[in-house]
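Sequence lines set the chain letters: A, B, ... in the order given, protein chains first and strands last, and positions in each chain run from 1.
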Amino acid sequence: MPEGHTIHRAARDQTRWIAGETLAISSPQGRFAEQAGQIDGRRLDTVEAYGKHLLYRFENAPTLHVHLGLFGRFTHHKVPAREPRGAVRVRFSGSRFILDLNGPNACELLEPPQIAHLLGRIGPDPLRADADPERAYRRIAKSKAPIGLLIMDQAVMAGVGNIYRTEILWRQRLHPETPGAALSRQAFDALWADAKDLLALGVKSNMIVTVDLERGRAAKTKYRERTNIFAHECCPSCAGAIRRFEMAARRAFVCETCQPPV
DNA sequence: TTGATTGTTACCGG
DNA sequence: TCCGGTAACAATCA
């Protein structure tokens with residue numbers, strides 16, 4: 001489910017719902033119980049997103065790091081609390097909202113050196129105002145690895161996942177197997193700008209939208225109508241067949257007419 | 001019950 | 001060092 005837009009959206013919403021409050025933090029499933037004890041009853045200062053990572057900064061307590069992975073989800077509802085559904089790893093209970101976290105890849109307390117290490121190993125995030133695209137460009141320009149792997153490599157650029165990878169490369173008319181070093185500076189700049197625009201639209205829409213839609217129409221469309229070639233059979237531009245293949249064990253799609261191999 | 005899934009990490013061989 | 005392949009893990013749904 002989650003790519004970078006989901007994470008930034010969660011940070012934005014959760015800041016509104018529970019930041020600044022003193023929270024009751026529990027672990028209904030029990031697997032996080034010991035750590036939950038360390039942040040239970042603390043005030044949540046900020047919720048920040050870095051690529052696909054979330055950091056919950058508490059007053060006088062370690063920072064909670066969450067990564068949703070492939071299956072992680074947040075659910076929220078208004079108080080009073082209802083029964084946890086499924087394997088709830090951690091529950092945040094605020095004065096107005098209850099937030100449950102299920103299935104995260106990472107859910108752990110970190111001290112400042114560990115946070116520095118985490119932030120040091122992820123690349124610039126197009127959704128962040130402090131992102132430095134030069135760092136991504138330098139990595140791509142000197143790499144022979146395919147651009148389809150590079151833009152999904154969180155150490156190169158943070159936030160893009162399999163769907164945005166597919167859609168951005170189609171929009172930029174770049175074949176996923178093009179070596180990074182073969183991209184011109186202009187092509188990189190356009191790719192970065194497109195990633196930024198699409199991720200920002202994703203945060204605003206709370207869904208992945210990579211096609212042009214009338215304003216406010218996104219909610220009325222079906223999942224498949226919001227993407228160009230991801231999980232599609234035909235190219236919306238040339239009507240040719242979409243080729244499916246695998247890249248790093250993830251499904252990949254390409255229109256080899258619109259995205260000619262280099 | 002099986003398979004698939006919008007992710008990451010560790011490890012290994014070339 | 002870099003790159004590509006593999007396995008393991010996470011939870012839910014069709």
Side-chain angles (χ1 to χ4, degrees), chain A residues 1-10 27-32 49-54 65-75 84-91 100-108 110 114 117-123 125-127 138-171 176-182 195 198-203 205-211 218 221-232 244-253:
Chain A
M1 163 84 179
E3 293 200 25
H5 71 295
T6 310
I7 308 308
H8 280 260
R9 173 71 180 216
S27 181
Q29 195 73 5
R31 287 198 294 158
F32 187 68
Y50 292 85
K52 300 176 187 173
H53 300 260
L54 282 164
H65 167 228
V66 169
H67 190 289
L68 295 181
L70 202 47
F71 313 119
R73 290 198 98 132
F74 285 106
T75 51
R85 288 184 192 169
V88 173
R89 184 80 59 87
V90 59
R91 164 171 281 193
D100 284 344
L101 170 62
N102 292 63
N105 184 313
C107 178
E108 58 189 354
L110 300 182
Q114 298 170 294
H117 180 257
L118 167 69
L119 298 183
R121 72 181 169 80
I122 60 182
D125 173 355
L127 281 175
R138 284 196 295 269
R139 289 284 299 265
I140 291 170
K142 71 180 185 192
S143 175
K144 282 177 276 185
I147 192 65
L149 286 186
L150 291 168
I151 64 170
M152 237 178 75
D153 181 342
Q154 304 300 298
V156 172
M157 151 179 339
V160 171
N162 203 19
I163 298 181
Y164 281 121
R165 175 262 291 268
T166 300
E167 294 290 304
I168 290 167
L169 294 179
W170 180 83
R171 288 164 58 102
E177 288 169 318
T178 307
L198 290 180
L199 285 163
L201 178 62
V203 174
S205 314
N206 204 16
M207 60 180 79
I208 295 176
V209 182
T210 59
V211 299
T221 56
K222 291 186 178 154
Y223 168 73
R224 283 274 169 82
E225 297 168 346
R226 298 181 209 126
T227 55
N228 295 287
I229 65 166
F230 185 84
H232 286 233
R244 295 182 178 226
F245 61 108
E246 287 220 338
M247 262 192 130
R250 309 299 302 281
R251 48 192 184 141
F253 304 85

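- Among residues two or more places apart in sequence or in another chain, the side chain to side chain donor-acceptor pair (under 3.5 Å) test is passed with A:R91 by A:D100.
- Atom CZ in A:R138 sits about 15 Å away from atom P in C:dC2, given to the nearest Å.
- Listed by chain and number, the residues in a side chain to side chain donor-acceptor pair (under 3.5 Å) with A:R139 amount to none (sequence neighbours excluded).
- A:R251 comes within 4.0 angstrom of the backbone, heavy atoms only, and of no base.
- Of the possible donor and acceptor atoms, one in the side chain of A:R171 sits under 3.5 Å from a partner among the backbone N and O of A:T210.
- Per the geometry, CG belonging to A:D153 stands 9 Å off P belonging to C:dC3, to the nearest Å.
- Between A:E246 atom CD and C:dG5 atom P the separation is 10 Å, expressed in whole Å.
- Per the geometry, CE belonging to A:M247 stands 10 Å off C1' belonging to C:dG4, to the nearest Å.
- Applying the 4.0 Å criterion to OP1 and OP2 of C:dC3, one finds that A:K144 has every side-chain N and O outside that range.
- Applying the side chain to side chain donor-acceptor pair (under 3.5 Å) rule to pairs touching residues 142-162 of chain A yields A:N162-A:R165, sequence neighbours excluded.
- If you check every strand for non-hydrogen atoms under 4.0 Å, A:P179 touches nothing.
- Listed by first residue number, the stems of DNA chain C with at least three Watson-Crick or G-U pairs below 3.5 Å are B:2-5 with C:11-14, B:7-14 with C:2-9.
- Qualifying side chain to side chain donor-acceptor pair (under 3.5 Å) partners for A:N228, counting only residues two or more places apart in sequence or in other chains: A:E167.
- In this structure, the nucleotide among C:dG4, C:dC3, B:dT8 sitting nearest to the side chain of A:S143 is C:dC3.
- A donor-acceptor contact shorter than 3.5 Å links the side chain of A:K52 to the backbone of A:V160.
- Counting any heavy atom pair closer than 4.0 Å across all strands shown, A:L68 reaches no nucleic acid atom.
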Nucleotides 8-14 of chain C: protein proximity per nucleotide (B base, S sugar-phosphate only, - neither; heavy atom, under 4.0 Å)
--BBS--
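- One atom, NE2 of A:H65, and another, C1' of B:dG7, lie 12 Å apart when rounded to the nearest Å.
- Taking the six-membered ring where tryptophan is involved, the planes of A:H53 and A:H65 are essentially parallel, since the angle between them stays under 30° and well short of 60°.
- In the set C:dG4, B:dT5, B:dG7, C:dG4 carries the atom at the smallest distance from any side-chain atom of A:A145.
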